[in-house]
Amino acid sequence: MSDTQAPIPSLADRVRPVSAGAPVVGVHFLGQTPVFVLGEEALLFAENSERRVNAHAGAILSSASDGERIITGGDDGTLVETRADGARRPLASDDKKRWIDQVALGPEGAVAWSAGKTAHVRTNKNELRAFEAPSTVAGLAFAPKGFRLAIAHYNGATLWFPNAAGARPERLEWKGSHLGVTVSPDGKFLVTCMQEAMLHGWRLADAKHMRMSGYSARVRSLGWTADGKFLATSGSEQLILWPFDGKDGPMGRQPEIRARAEARAGVVACHPRQPVVAVGYADGAVKLVRVDDDALILARQADGQPVSAIGWDSTGQTVAFGTESGDAGVLAL
Amino acid sequence: MATPDAASKIPVTVLTGYLGAGKTTLLNRILSEPHGKKFAVIVNEFGEIGIDNELVVNADEEVFEMNNGCICCTVRGDLVRIIDGLMRRKGKFDAIIVETTGLADPAPVAQTFFMDEAVGAKTKLDAVVTVADAKWLTERLKDAPEAKNQIAFADVILINKTDLVTPEELRELEARIHALNPYARLHRTERAKIDINEVLGRNAFDLDRILDIEPNFLEGEGHDHNHHHDHSDHDHGTHHHHHGNGLKHYHDEDMQSVALRTDKALNPDKFFPWVQDLVAKDGPNILRCKGILAFKDDPERFVFQGVHMILDGDHQRPWRADEQRDSRIIFIGRNLPEDKIRQGFESCIA
C-alpha cells in the first residue's frame, strides 16, 4: 500500500469485448478463433460475429483443447467434441448419467475422461480402456511422452499406461485429497494440487516427495512456462513460479515471485512460446507478466469480477479471458 | 462470519436420520410443497426411493481427511466437487438439500462448509435436520452410534411416526433426545408432515442469528420450553435421574451436553486460550458448541459456535440495557470431562 507504484502500462483499451452473458469456465482457441466455454450448455465462438454452439444439456464441468477441437464433460453425463466449424459430436456417455468430471486430450487424438472413480481412455486407434481409481478422479493429465495418463485422487496420484495391458499402474502416495494433476514437459515430475493450500510433487525417477506450500488459498490453476523451467500457479496474492530447471526440481529451493497484487491470483495461463504468464485476479485484473524481469502489462482493469479463465492462441499473438460474471474479452498483441 | 454477501449465498440444508426413519419422505414432501422454490438435491447413491426433482445429483459420500494431522477435520470430498459443479448452474435453484445415508456422520458434511473456502464463499450451511423414528430411536441410540451422532448434531429434529407409539413413550423419547441435545428444535410428525419453514431457512450456523432464532436457547435452565414437553416425572423404571440443572442424564449415555452459565463478566484473555485449548484437546469428542459471552468492559455480546475443532466467533451486537449480561455456553459431545470444563470456564471469570 505504502509504495506508490507507477501505474503499469495498459492494453486494456485495446481489448475486444465479448458478451458471454454466463460464467466463463474455459477459454480455448480453435485456429485463430477464441472459444469461451460457458458454465452451462454452450460454447461461445467469438469471431467477428459471435456464435453460440450448444454442447450440453446442463452444466459444463471441464474442457480441453488441442487447437483443432474442444472436448467438454457435462453434468448431463456426456463427453462432447466440438470442432472449429461448430460441428458437435458426442464421444461418450455415462450409462448411469453420472457427471463427466474431468477431461484431457492426449497424443495422436487420444481422449481421456472420468466419471466417478472410473477413468476412461479412447486411444488413437479408437480402443476403449478403463481404470478404476481408489476414489473419485479429481484430475487427469496426459504425460508429454509415451502414452501415460496421470490421475489425481484421494491419497495420491496414479500413472496409468492404458496400452500396456497387465502392467500395474504406478501409484504415487501422499495423504490427503489431490484435486488436480500435471506432468512436467520433460516428463520427470508429477505435481498435484491439494485440498489444502499446497501442491505436492513427485520426482518420477525415485518417487521422491516435494511439498510446495505457502499459498493463501487452494491452487486451482497451474501451467508450465514455454521453456519448461517454471510451474506457474495461482492461489496467492502474486504469481508463484516453482523452479523445475534442475534435476531436483524445486527441492530445497524457493519459488520465484512475480506480479504482487492486493487481490488473489485465481487463474494462470502460460504463453505458448515465451516466458510470459497471463495472470487473472479475483478483483478482475488480468496482467501479462514477463518472468525474467517482472515487467507487467495490464490486459484487463480490475472491476470486482473474479477472472475465471484465460487462454492463449497457439502462436501467443492473442490472449482471451473471461470472468465469473460473464464478461469476456480478446486482446491481440 | 457475517459477511455482506451472506444473503447471496445459497443455503444448504442437511437431512440426516437413521435408515427407515423417513428422510426421503421428508425430502419429497419439501419438494412437492407449493412454495415456488427450486432445489438442487444431493442424494446418496444408495437411495432407493425416487426423488421427484429436476436437479438431483448422486453423491458417494467420500469422507476425506485434511492433511493437517487433525483427524476430526474431515470433509466430504464429493460435496466439494459437486457444489463446485452445481454453482455453474447458479440461478437454476434457490437452495441445496443434502440427503445423507442413514449411517453418515453429519460432522464432515458440516465441516465442508467451513474448511473449503470455495464452498464457503458460495454456499452457507443452513441447518442439520434429523429425522428420527419414534418407535425405534430408543433402540438405535443403544446400538447405533451413528443414530446418536445424528441426534446430537441436529439443529432440528423430527420425531416421525408418532402414530406408532404411546404418549408416554413419546415423552420419554423426547426427554432422552433433550438430554443428548437440549438446543435442537423438536417436532412431532407423522409421515414427516411438517411446515417446511420449520425445516428450511433456519440460519442455525449464522452467528447473527444465534438466539434470535432460538429464543429459548439455554434460557432458564431447568425449564423446558418445548411445548410438547410436560416434564412429568417418569415412573416407568428407566435408569435415570435428574441433575440440578434439569437436564436428564442417562447413565448409559456416553453422549451428553454440558451447559455453562455465569452472570460474572469473563476475561477474554483467559477465555480464548481456554476454549481453544479445550477444542484442540477434546475437539474429537465435542460435536457442537454454541455460546454467548459477556466480556468485562465490552459493550457488545460475543457469540460463537463450533463443530468439533472448528470455532467461529464474532461480536454480535451491543448488549441491551434491559438484558441480563450472562455468559452462556453449551457443549454437546461424547464423554465430555464435565468437571474439567466447568472449572476451566470458571477460571475465565474476570
Side-chain angles (χ1 to χ4, degrees), chain A residues 22-26 37-41 56 58-62 73-75 77 94 96-102 114-117 134-139 153-156 174-179 194-198 200 211 213 215-218 220 235 264 266 282 306 308 324-326, chain B residues 4-5 8-10 38 40-47 50-51 53-71 73-93 96 108 111-122:
Chain A
V24 177
V25 297
V37 181
L38 307 184
E40 282 187 276
E41 297 173 0
H56 291 274
I60 302 180
L61 300 170
S62 53
D75 75 355
D94 186 77
K96 292 185 209 153
K97 281 202 77 177
R98 289 177 304 177
W99 293 10
I100 307 296
D101 293 309
Q102 304 293 333
S114 72
K117 294 175 185 170
S135 63
T136 296
V137 174
H153 46 73
Y154 187 49
N155 284 341
W174 187 257
K175 273 196 147 191
S177 183
H178 300 258
L179 298 175
M194 300 200 65
Q195 169 75 48
E196 293 81 4
M198 61 169 71
H200 195 81
R211 298 173 72 175
S213 59
Y215 293 94
S216 65
R218 210 166 103 191
R220 293 171 154 263
R264 186 182 288 155
S308 50
E324 281 183 15
S325 316
Chain B
D5 61 345
S8 68
K9 293 184 182 182
I10 300 279
K38 281 178 290 194
V41 179
I42 302 173
V43 297
N44 66 78
E45 61 181 339
F46 302 110
I51 309 291
N53 193 56
E54 193 176 324
L55 207 50
V56 178
V57 189
N58 278 290
D60 39 16
E61 301 209 342
E62 292 184 313
V63 176
F64 289 169
E65 279 173 33
M66 297 287 282
N67 188 25
N68 57 7
C70 162
I71 193 146
C73 289
T74 51
V75 299
R76 281 271 303 271
D78 56 318
L79 281 185
V80 173
R81 177 177 60 87
I82 288 168
I83 287 175
D84 188 50
L86 276 178
M87 292 320 287
R88 291 167 192 235
R89 307 196 72 181
K90 203 177 175 184
K92 293 288 193 292
F93 53 89
I96 298 174
Q111 286 168 173
T112 304
F113 294 87
F114 302 106
M115 301 289 281
D116 188 88
E117 187 183 277
V119 169
K122 294 187 168 139

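Scope of the values below: all heavy atoms of this structure, side chains included, with no hydrogens, waters or symmetry mates.
If you tally non-hydrogen atom pairs under 4.5 Å between each of B:Arg81, B:Lys90, B:Met87 and chain A, the highest count goes to B:Arg81. Of the residues considered (A:Ala138, A:Gly58, A:Gly116), A:Gly58 shows the highest number of contacts with chain B, using heavy-atom pairs under 4.5 Å. Counting heavy-atom pairs closer than 4.5 Å to chain A, the top residue among B:Ile82, B:Asp84, B:Leu86 is B:Ile82.
Between B:Phe64 and A:Tyr154, the angle of the ring planes stays under 30°, which puts this pair in the parallel group of the 30/60° scheme.
With a threshold of 4.5 angstrom between heavy atoms, A:Ser308 does not approach chain B through any atom at all. Contact annotation for A:Asp101: only side-chain heavy atoms (C-beta onward) come within less than 4.5 Å of a heavy atom of chain B. Only the side chain of A:Arg220 comes within less than 4.5 Å of a heavy atom in chain B; its backbone stays farther off. There is no contact between B:Asp78 and chain A, counting heavy-atom distances below 4.5 Å. Of the two parts of A:Ile60, only the backbone, made up of N, CA, C and O, holds a non-hydrogen atom closer than 4.5 Å to a non-hydrogen atom of chain B.
With sequence neighbours left out, B:Lys122 forms a salt bridge (Lys or Arg N to Asp or Glu O under 4.0 Å) with A:Glu324. Checked against salt bridge (Lys or Arg N to Asp or Glu O under 4.0 Å), B:Lys92 has the following partners two or more places apart in sequence or in another chain: A:Glu40.
Taking the charged nitrogens against the carboxylate oxygens, B:Asp60 and A:Lys117 have no contact shorter than 4.0 Å, which rules out a salt bridge. In this structure, A:Asp94 does not pair ionically with A:Lys96, as no charged nitrogen and carboxylate oxygen lie closer than 4.0 Å.
Residue A:Ala197 comes nearest to A:Ala217 through the heavy atom pair CB-O, 3.3 Å, listed as atom of the first residue, atom of the second, then distance.
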